[in-house]
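This report refers to the structure that appears directly beneath it.
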Amino acid sequence: MPGLDLFGGPLQLVDDEEGGIRYWPGFVDGGEAAAWFDALRDGCDWRHQRRTMYERVVDVPRLQAWYPFDPASLQGLPAQLPLAAILVRIRAVVPGGYNSVGLNLYRDGRDSVAMHNDKLHMLLPGQPIALLSLGAPRRMNIRAKAGGHALGIDLQPGSLLAMSHASQLTHEHGIPKTTRPVPPRMSVVFRARPEQDAAADRRAAPAPAKGWR
DNA sequence: GAAGGTCAAGCGCA
DNA sequence: CTGCGCTTGACCTT
């Protein structure tokens, strides 16, 4: 386990040729993280999905929101949300052609995500995924698919986690449920998606009406 | 357009 | 106590 470096550099959690998985515990200060959390919690278009399992319809255990945007103009990011400010800060540390942001809200310890990796066909090769954590700390497990033990990391509010494209091939990650009482936690995840998918996103996303008939 | 992958809750196990 | 692996099935870039 690498030690915390005193000069603000990241902890290297996983190594590969594209930067592996890096973690900046104090990427932004607590006050800013708290302000962003409040604004996003109150202002995002949160969606609650359902899934069927064993003839029962169950709630997906988290709320989600998602915005595709143009990397140059930032069009697509709602102006009343601090997403553009967050993106600027993230790009300065983890450069990338981000064109989509997904948010997850884990309301309490019963909310979770199963171990998974991001779908590679939905990501541009070589481009990292950048994940900002806000709200309460939650444990994330990271495990090599090849086997071995899971690495647990408490994602602190204001922390940044950067995952290489290549690491999605070799590792999976998840947020387990916990019986401990925990306040809400939010992740803000920036990705660079292939243009054809990004275009489909723009079509699917709420857009100004422009019917021609 | 087809079809293989995903991922929910709960259980048993180590 | 906690993580993990197994199960079924509707849905498939939210």
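Order of the sequence lines sets the chain letters (A, B, ...), proteins ahead of strands, with each chain counted from 1. The shown structure was predicted, so the numbers you read here are calculated from the model rather than taken from an experiment.
If you chain together hydrophobic residues whose side chains sit under 4.5 Å apart, M140(A) and L11(A) fall into the same group.
As rounded to whole Å, 12 Å separates atom C1' of dT14(C) from atom CH2 of W46(A). Here the P atom of nucleotide dT2(C) and the CD1 atom of I175(A) are 16 Å apart, to the nearest Å. When the P atom of dT6(B) is taken as reference, atom NE2 of H173(A) falls 13 Å away, rounded to whole Å. Rounded to whole angstrom, the span from the CE atom of M53(A) across to the C1' atom of dC11(B) amounts to 10 Å. Straight-line distance from the CG atom of L169(A) to the P atom of dG5(B): 15 Å, rounded to whole Å. The distance from atom CZ of R56(A) to atom P of dC11(B) is 9 Å, rounded to the nearest whole Å. Per the geometry, CZ belonging to R51(A) stands 18 Å off P belonging to dT7(C), to the nearest Å. Between L151(A) atom CG and dG3(C) atom P the separation is 13 Å, expressed in whole Å.
Within 6.0 Å of atom CD in E55(A), 12 or fewer heavy atoms from other residues, nucleotides or ligands are found, so the atom counts as exposed in its surroundings.
Using atom C1' as the reference point in both dG1(B) and dT14(C), the two lie 23 Å apart (nearest Å).
Across L40(A) and W46(A), no two heavy atoms sit closer than the pair O-NE1, 3.3 Å.
In a base pair of the Watson-Crick type (N1 to N3 plus N6-O4 or O6-N4) or a G-U wobble (N1-O2 and O6-N3), with each distance short of 3.5 Å, dG12(B) is matched with dC4(C). Searching all strands for a Watson-Crick or G-U wobble partner of dA3(B) with both distances below 3.5 Å returns nothing.
No contact: R110(A) has no heavy atom under 4.0 Å from any strand. Among the atoms of the strands shown, none is found under 4.0 Å from any heavy atom of P176(A). Heavy atoms of Q49(A) sit under 4.0 angstrom from primed sugar atoms or phosphate atoms, though from no base atom. Contacts of A150(A) with the nucleic acid, taken as non-hydrogen atoms under 4.0 Å apart, involve only primed sugar atoms and P, OP1 or OP2.
With the nearest nucleotide of DNA chain C identified for both T52(A) and N141(A), N141(A) has the one nearer the 5' end. Taking the nucleotide of DNA chain C with the nearest heavy atom to each of Q64(A) and R143(A), the more 5' of the two is matched to R143(A).
The pair K177(A)-D111(A) does not count as a salt bridge, with every side-chain nitrogen at least 4.0 angstrom from each carboxylate oxygen.
A close approach under 4.0 Å does occur between a side-chain nitrogen or oxygen of K119(A) and OP1 or OP2 of dC7(B). Regarding contacts with the backbone of dA8(B), a side-chain N or O of R62(A) is found under 4.0 angstrom from either OP1 or OP2. The phosphate of dG10(B) has neither OP1 nor OP2 within less than 4.0 Å of any side-chain N or O from K177(A). Under 4.0 angstrom from either OP1 or OP2 of dT14(C) there lies no side-chain N or O belonging to R191(A).
In this structure, the side chain of R138(A) engages the main chain of D108(A) through a donor-acceptor pair within 3.5 Å. Here the side chain of E18(A) pairs a donor or acceptor atom with the backbone of A166(A) at under 3.5 angstrom.
Considering only side-chain atoms of Y54(A), the nucleotide from dT7(C), dA8(B), dT14(C) that sits closest is dT7(C).
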